[in-house]
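Written out below as structure tokens is the structure these notes cover.
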Amino acid sequence: MADREVTVSLREFLDGVAERRKRVTVFAPERYDALESHFETRNVTVEQEDIPDDGSGGFVVVTEGGEFVGSVDAAAIRTLVSPTAADAKSAPSEAMRALLDLLADTTFVSFDKGQLVVMAHEIEDRAFRQGRGTLRTGFQALQALKAQRDVYETLAAKSDLDVHVYGERDWSPDVSGVTIHAVDGESGEESDTADPTTEIGAYWFVVFDGGGDDRQACALLAEEDPPDSGRFRGFWTYDAELVGDIDAYLRETYG
Amino acid sequence: MVEDRPDGPAESVSELFDALRRSNCRYALYYLQDRETATLAELATVVASWTQARAADPEIVTPEDRQRVMVSLHHADLPALEDAGLVRYDFDSKTVTAESLPEMADAILEKSLVYERLADREPDHSDRRESGNEKEPNDE
């Protein structure tokens, strides 16, 4: 995302990430069956290459547009393929986490609300621990804030943390310390750039700018697709630049 | 660098061992065994990742790690393999082509792969091993 480009909708962020499709190549002495199925919720291409058995079990390489992103040992794949108690111990799960880190910035498809809530909490938790910066959350409809009221009041109680919540105006929340951006739903289609009425109602996002520490920046952006299906497609990212772009877009478009 | 074989038999043995004592060289050859050619970039990815996967506590391999291996391959390891007559390395196109291995090199590599396997100390694929988990750090 070049800085001169003006982003005109949340959809563009989604499409931009979707284009950067990653490739996972497993180099191992043995073949794993149906490996693709373990990555099907992520927008990646999966390949396998044979190597002689040197006892290491092999390794997994992640590339993007032919560029080397990183690699981890194949314990990550063994954990994925058989996530049993025996395999889930120490080292494998670490390799697994490393692999997930390499796959960050990829899109996911078909996640349900429960999965999004888990990821959202992870970001809210970061913001809380950092205790400063800006957190912007879009709940589609402001009603959804009811259930999160305590969480958001606790977050807003951090005096250096600026908390903004966006949503369609179906409730007038009074959550102390939180800046509410209510968007009126379904009015008309006069705008040809960002269409706030449908956009805010269709997207779930949690964006934390890191509070001055790029390593803490992270964002989740997901679109309910098809509308009202309870299924989402989107991405999460730790890329501080991309997080900054989304943050700036929201600030400039909705305040 | 054009000739395939070093001059005398004694020298050729020295050059062979000079190459094979380097783990980068051995792992490049293991990878090339089933493939005729590879690019420098491919070999850098494979050698950097594979040798790290053997570490007791493998860490993520970053683009910088891989870059370091690429520099070593280009300037030291691949020329050593070429001197031993085991590969041809085209400096301009950065392509490596495997030579058909002399019998001795073939035998050594086969053995060394077995030993790398035995020396590997990761307990969780011990199913393939017959006895104890004796640690044998035999890498350089």
Side-chain angles (χ1 to χ4, degrees), chain A residues 22-32 47-104 238, chain B residues 23 26-35 38-70 106 109-129 133 136 138-139:
Chain A
K22 284 184 182 163
R23 179 182 297 263
V24 173
T25 310
V26 179
F27 292 80
E30 75 259 56
R31 289 262 157 170
Y32 292 97
E47 284 184 335
Q48 301 198 54
E49 280 208 44
D50 296 317
I51 52 170
D53 184 7
D54 73 322
S56 70
F59 52 93
V60 184
V61 175
V62 178
T63 56
E64 180 184 320
E67 293 276 307
F68 179 86
V69 176
S71 64
V72 296
D73 68 284
I77 292 295
R78 289 197 294 277
T79 313
L80 260 188
V81 171
S82 101
T84 60
D87 268 345
K89 279 185 289 186
S90 57
S93 57
E94 225 161 85
M96 168 91 180
R97 188 167 316 130
L99 178 60
L100 292 182
D101 276 352
L102 291 177
L103 292 178
Y238 303 106
Chain B
S23 61
R26 289 196 307 279
Y27 276 83
L29 289 176
Y30 296 150
Y31 182 69
L32 283 168
Q33 263 173 14
D34 298 327
R35 299 161 180 82
T39 62
L40 173 64
E42 283 165 5
L43 279 182
T45 297
V46 167
V47 171
S49 305
W50 204 348
T51 50
Q52 179 59 230
R54 294 186 57 79
D57 250 324
E59 288 180 358
I60 207 161
V61 175
T62 65
E64 294 73 38
D65 298 331
R66 172 181 174 269
Q67 186 62 32
R68 269 193 295 278
V69 170
M70 180 141 39
D106 201 35
L109 277 177
E110 199 177 304
K111 272 275 186 248
S112 70
L113 189 60
V114 170
Y115 276 91
E116 325 261 18
R117 202 149 58 215
L118 292 172
D120 188 55
R121 54 317 45 199
E122 259 207 35
D124 56 327
H125 21 233
S126 51
D127 37 276
R128 253 175 263 136
R129 230 162 304 140
N133 3 359
E136 181 82 274
N138 79 339
D139 243 22

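All chains are named by letter (A, B, ...) in the order of the sequence lines, taking the proteins before the strands, and each is independently numbered beginning at 1.
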Kindly determine whether A:Ile51 and B:Tyr31 satisfy side chain to side chain contact (heavy atoms under 4.5 Å, CB included), including the steps that lead there. CA-CA 6 Å; A:Ile51 52 170; B:Tyr31 182 69; 4.1 Å; yes

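- Just one residue in the list B:Tyr115, B:Tyr27, B:Tyr30 forms a side chain to side chain donor-acceptor pair (under 3.5 Å) with A:Asp54, and that residue is B:Tyr27.
- Contact annotation for A:Val69: only backbone heavy atoms (N, CA, C, O) come within less than 4.5 Å of a heavy atom of chain B.
- Residues passing the side chain to side chain donor-acceptor pair (under 3.5 Å) test with B:Gln33: none are found, sequence neighbours excluded.
- For B:Glu110, the side chain to side chain contact (heavy atoms under 4.5 Å, CB included) test picks out no residue, with sequence neighbours left out.
- Within residues 59-68 of chain B, the residues having any heavy atom less than 4.5 Å from a heavy atom of chain A are, in residue-number order, B:Glu59, B:Ile60, B:Val61, B:Thr62, B:Pro63, B:Arg66.
- With sequence neighbours excluded, no residue forms a ring pair (Phe, Tyr, Trp, His ring centres under 6.0 Å) with A:Phe68.
- Here the CZ-CD distance, from B:Arg35 to A:Glu49, works out to 4.5 Å after rounding to the nearest 0.5 Å.
- Between B:Val46 and A:Phe27, the shortest heavy-atom distance links the atoms CG2-CE2, 3.9 Å.
- Considering all non-hydrogen atoms of both residues, B:Ala53 and A:Ser56 come closest at O-CB, 4.0 Å.
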